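Notes for the one structure printed next.
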Amino acid sequence: MPRFNTALALNLVLMLLGATPAMAVAADPQVFTEVFVERGDNPSFELQQASAIEYSTAPATRPDTFLQAPMQVVLVAQLDELGHVSNVMVVRSSGLRELDRVAFTAVDEWRFEPVVVEGVARHARVRVRLSFVPPAEAPPG
């Protein structure tokens with residue numbers, strides 16, 4: 001008869017009882033968002049402050065995504081006159097394809113307040129920094 005590791009045996013018993021095994025539980029990383037503009041992002045006009053987010057979806061990481069350290073993704077989002085995202089590009093990768101993909105997918109679904117310059121709604125470019133922080137390192141509050 002094969003020998004069972006104690007943790008494996010405990011998880012097997014938990015699964016048989018309908019509980020989630022302890023080894024299968026991975027806490028989602030916390031995500032912090034910053035929207036900003038840089039000089040030259042909008043060459044035909046000067047945008048001093050990025051427009052506010054009206055609608056956003058949280059980046060959904062896979063359950064097996066495990067972060068050992070905080071990571072950041074910086075994206076550029078092109079906005080149309082209504083504030084809808086019409087194009088997204090990753091300008092600084094986190095180094096993990098999965099995090100870049102979920103950040104890209106989330107921002108592509110967001111909606112911003114329209115950028116209005118001298119009474120006219122304009123296409124604009126904003127930058128979005130998404131910081132993924134392991135649950136143990138997230139600041140309280």
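All values below come from the heavy atoms of this structure, side chains included, with hydrogens, waters and symmetry mates left out. Keep in mind it's a predicted model, so treat the numbers as computed, not measured.
- Closest heavy-atom contact between S94 and M71: O-CE, 3.3 Å.
- Hydrophobic cluster membership is shared by M89 and V74, with clusters built from Ile, Leu, Val, Met, Phe, Trp and Tyr side chains linked at under 4.5 angstrom.
- F132 contributes atom CZ, which lies 9.5 Å from atom CG of L96 (distance to the nearest 0.5 angstrom).
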Let's go through V35 and F112 carefully: what are the C-alpha distance in whole Å and the side-chain angles of both, what is the deciding distance for side chain to side chain contact (heavy atoms under 4.5 Å, CB included) to 0.1 Å, and is it a yes or a no? CA-CA 10 Å; V35 180; F112 292 78; 3.9 Å; yes
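- To the nearest 0.5 Å, atom CD of residue Q48 and atom CG of residue N42 are 11.0 Å apart.
- Here the side chains of S131 and V31 are not in contact, with every heavy-atom distance at 4.5 Å or above.
- V37 and L47 make their closest contact through CG2-O, 3.3 Å (heavy atoms, listed as atom of the first residue, atom of the second, distance).
- Clustering of Ile, Leu, Val, Met, Phe, Trp and Tyr side chains at separations under 4.5 Å leaves Y55 isolated, with no partner residue.
- Note: Q72 CD to F32 CZ = 11.5 Å, rounded to the nearest 0.5 Å.
- The distance from atom CG of D108 to atom CG of N87, rounded to the nearest 0.5 Å, is 8.5 Å.
- Using a distance-only test at 3.5 Å, with no hydrogens or angles considered, a donor-acceptor pair links the side chain of S86 to the main chain of Q78.
- For residues 77-92, there are no salt bridge (charged side-chain N to carboxylate O under 4.0 Å, His left out) pairs, not counting sequence neighbours.
- Scanning both residues, P70 and P134, for their nearest heavy atoms gives N-CD, 3.7 Å.
- Residues V126 and A50 share a closest heavy-atom pair of CG1-CB, 4.1 Å.
- Hydrophobic clustering, with ILVMFWY side chains joined whenever heavy atoms are under 4.5 angstrom apart, keeps V76 apart from V73.
- A 4.5 Å side-chain heavy-atom check between V91 and L75 finds every atom pair outside the cut-off.
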Steps toward side chain to side chain contact (heavy atoms under 4.5 Å, CB included) verdict (V102, L130): CA-CA 10 Å; V102 298; L130 294 170; over 6 Å; no
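- For residues 31-52, the pairs satisfying salt bridge (charged side-chain N to carboxylate O under 4.0 Å, His left out) are E34-R129, E38-R127, R39-E46, D41-R127, with sequence neighbours left out.
- Of the possible polar contacts, none joining the D100 side chain to the S93 backbone as a donor-acceptor pair under 3.5 Å is found.
- For the residue pair S56 / R111, no side-chain donor-acceptor distance below 3.5 Å is found, with atom types taken as modelled.
- Counting only distance, with no hydrogens or angles, the side chain of W110 and the backbone of I53 share no donor-acceptor pair below 3.5 Å.
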